[in-house]
Amino acid sequence: MQMRVRANREKSEPRPRGGGLLRRPHVSPGPADPEPGSGSEADLTDERRARESGGPDDRAMYSCSCGYVFEADVTTSVTCPHCGTGQAW
């Protein structure tokens, strides 16, 4: 496929404008980010409730191959309190 070069137009010749359907509308910049504490209170109610309750409960129920079932904090190195075997995470 060969590319053709178009000759320069006269300055008085109007430029063709293509429909405008592909152009995005102008968006004026919104207000600056609000300061902490001055934002909408409804957005932060779930987060505040979680923080006030002590955060998420990061504990899980583990069942060891020795048959012992226990609850422990979620970490990458959980061992069975009965036999000391490391548990998969």
Side-chain angles (χ1 to χ4, degrees):
M1 185 165 145
Q2 198 172 30
M3 188 163 92
R4 296 183 186 183
V5 178
R6 185 173 173 185
N8 290 336
R9 294 183 299 254
E10 298 291 325
K11 289 192 178 196
S12 62
E13 184 182 341
R15 290 180 60 191
R17 301 264 180 191
L21 296 176
L22 298 178
R23 297 186 75 180
R24 293 171 44 182
H26 177 73
V27 178
S28 60
D33 291 336
E35 295 180 18
S38 67
S40 67
E41 299 297 320
D43 294 342
L44 301 175
T45 55
D46 292 336
E47 182 180 344
R48 286 195 184 110
R49 187 179 313 125
R51 289 178 187 269
E52 289 170 358
S53 67
D57 185 21
D58 290 338
R59 294 182 65 79
M61 189 70 76
Y62 294 92
S63 59
C64 184
S65 59
C66 73
Y68 193 73
V69 177
F70 61 98
E71 187 177 352
D73 289 336
V74 175
T75 66
T76 57
S77 57
V78 177
T79 57
C80 174
H82 184 253
C83 69
T85 304
Q87 305 298 305
W89 50 279

Considering all heavy atoms, the nearest [X]-[Y] contact:
X     : Y     : result
Glu71 : Met61 : N-SD, 4.1 Å
Phe70 : Cys64 : CE2-CB, 4.4 Å
Val78 : Tyr62 : CG2-OH, 3.5 Å
Gln87 : Ser63 : OE1-O, 3.7 Å

Item to check | Which residues share a salt bridge (Lys or Arg N to Asp or Glu O under 4.0 Å) with Asp58, sequence neighbours left out | outcome: none
Checklist entry - Are any non-hydrogen side-chain atoms of Tyr68 and Cys83 less than 4.5 angstrom apart? => result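 No, their side chains stay 4.5 Å or more apart.
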